[in-house]
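For reference, the structure discussed in these notes is given below.
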Amino acid sequence: MPVSTPDRNASIQVIDRLRALLDALAAEGGNASLKILAAVTGLAPSTAFRILASAQDNALIARDAAGHYRFGPHLQDWAQLAHGRSDLRAIARPVMAWLRDQVQETVNLTIQQGDEVVYVERATSSRMMRVEQIIGSRAPLHTTAVGKLMLALDGETAVQSYAVRTGLPALTKHTLNNATTLWENARLSSERGYALDNEEAEIGVGCLGVLLRGHLPWNAGLSISAPIERREESWVPLLQEAARRIDTRLQGQTVTVDAVALEGPP
C-alpha cells in the first residue's frame with residue numbers, strides 16, 4: 001500500500017527529530033539525560049522519550065542504570081565499519097544468530113588471552129533448558145573445546161609448558177588434568193578440525209568448538225554449548241560453515257574487540 005503524503009511527512013519528521021536527538025547526544029559527549037536532550041532539541045520530554053525508546057529497541061541508543069542515554073551498539077558497529085575498523089563481535093553476530101537458529105542451542109565466540117579463553121559474544125538459545133555463558137567470563141584453555149584447539153597450535157612442548165605453568169586445575173571429574181592426555185586430545189582435535197568439551201568445564205554441559213582462521217591479533221574460536229544429552233556431533237559441518245562465513249567477512253578488515261567484552265562480569 002503506498003504511503004500517503006501526511007504519513008510520509010510524519011515519518012520524515014520522526015527521522016528529523018531522531019537526528020536532532022543524536023546530534024544533541026553527541027554534543028553532550030555521548031552521555032545525557034532525557035531532560036537535557038529534550039531541552040537541547042526543544043522537544044517535549046514525552047516526545048523525546050518515545051523516539052529514544054524506539055531507537056533503543058533498534059540498538060541505536062542504549063540506556064544505563066542511571067537512566068542516561070548513550071549511543072547503542074548498532075551505531076557503534078556502523079561507525080567502526082565507516083572508519084575501516086571492525087569489531088569482531090559485530091562481524092560475527094549475524095552468523096552466530098544463523099547457527100543458533102540451525103541447531104537451537106547457544107553459540108559462543110571466544111578469544112585467547114594468555115592461558116584462558118574469554119567469552120566475548122554469544123547467541124543465546126530460546127529453549128527453556130539452555131547453556132548461557134556470561135560475556136567477559138573466562139575459562140582455562142584445557143577445559144574448553146576451543147581452548148584445546150588453541151593449545152594445539154603451538155605444539156607439544158607448549159602444551160607441556162602450559163601444564164607446568166597452570167597445574168591443569170580440574171573443574172570437574174572429566175577435566176583433562178594430565179599433560180600427555182591433554183596433548184593427545186588437542187592434537188587429534190586439531191587434525192580432525194574440531195574439538196569436544198565433554199563436561200570438562202561444567203557437569204552436564206557439552207560443547208563443540210572450531211577455530212577462526214582469519215587474520216586476527218589473537219586466536220579466536222566459535223563453539224556450540226548445550227546440555228550434554230542434546231549435543232550432536234552432526235552439527236560440526238554447520239559449525240565449520242559458520243566459522244568459514246566469519247572468516248570470509250574478516251578479509252581485509254582491521255579487527256578489534258570492544259574492551260567492555262574483555263572485562264570480567266561484575
Side-chain angles (χ1 to χ4, degrees), residues 1-101 104 106-109 119-128 130 132-137 245-246 249 253-266:
M1 178 184 297
V3 178
S4 67
T5 300
D7 288 343
R8 185 182 296 111
N9 289 340
S11 298
I12 293 171
Q13 186 180 55
V14 169
I15 294 172
D16 289 342
R17 289 174 171 178
L18 175 59
R19 163 68 184 274
L21 287 164
L22 293 173
D23 284 344
L25 183 58
E28 294 297 320
N31 189 297
S33 67
L34 174 64
K35 181 178 179 180
I36 292 295
L37 294 176
V40 171
T41 59
L43 295 171
S46 59
T47 300
F49 177 80
R50 287 195 301 272
I51 295 171
L52 291 167
S54 181
Q56 186 177 352
D57 290 341
N58 288 279
L60 301 177
I61 291 292
R63 198 177 183 194
D64 63 23
H68 287 196
Y69 293 94
R70 54 185 174 81
F71 294 118
H74 211 144
L75 281 181
Q76 293 170 6
D77 293 345
W78 287 344
Q80 289 182 348
L81 287 170
H83 287 85
R85 299 182 67 82
S86 300
D87 180 52
L88 175 61
R89 300 166 67 202
I91 291 172
R93 277 186 202 119
V95 180
M96 294 172 68
W98 169 82
L99 179 59
R100 185 261 328 273
D101 292 344
Q104 293 298 305
T106 297
V107 177
N108 303 298
L109 176 67
Y119 292 85
V120 296
E121 190 54 274
R122 66 186 180 192
T124 306
S125 167
S126 61
R127 301 179 74 162
M128 184 171 295
R130 62 179 181 266
E132 192 166 333
Q133 299 290 354
I134 298 172
I135 293 177
S137 63
R245 292 185 184 187
I246 294 173
R249 291 165 63 95
Q253 301 285 345
T254 300
V255 183
T256 62
V257 167
D258 183 353
V260 173
L262 301 179
E263 298 174 359

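Predicted model, so just to flag it, every value in this text is computed and none were measured. One is the number of the first residue; the rest follow in order along the sequence.
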Measure the [atom1]-[atom2] distance between [X] and [Y] for me, rounded to the nearest 0.5 Å.
X: R70; Y: Q56; atom1: CZ; atom2: CD; answer: 9.5 Å
X: L25; Y: L18; atom1: CG; atom2: CG; answer: 10.5 Å
X: T41; Y: D16; atom1: OG1; atom2: CG; answer: 12.5 Å
X: I91; Y: I246; atom1: CD1; atom2: CD1; answer: 9.0 Å

Sole candidate of D101, L109, T124 that passes side chain to side chain contact (heavy atoms under 4.5 Å, CB included) when paired with M96: L109
Residues which pass salt bridge (Lys or Arg N to Asp or Glu O under 4.0 Å) with R122, listed by chain and number, not counting sequence neighbours: E132
Applying side chain to side chain contact (heavy atoms under 4.5 Å, CB included), can you list everything that pairs with [X], at least two apart in sequence or on another chain?
X: S46; value: A44, R50
X: A59; value: P73, H74
X: S125; value: T106, R127, R130
X: A48; value: L21, L34, A38, L43

Flag side-chain contact, heavy atom, 4.5 Å: I135 against R89: yes
Listed once per pair and sorted, the side-chain hydrogen bond (donor to acceptor under 3.5 Å, both in side chains) pairs that draw on residues 57-69, sequence neighbours left out: N31-H68
Within residues 17-43 or reaching into it, pairs that qualify as salt bridge (charged side-chain N to carboxylate O under 4.0 Å, His left out) - sequence neighbours excluded: R19-D23
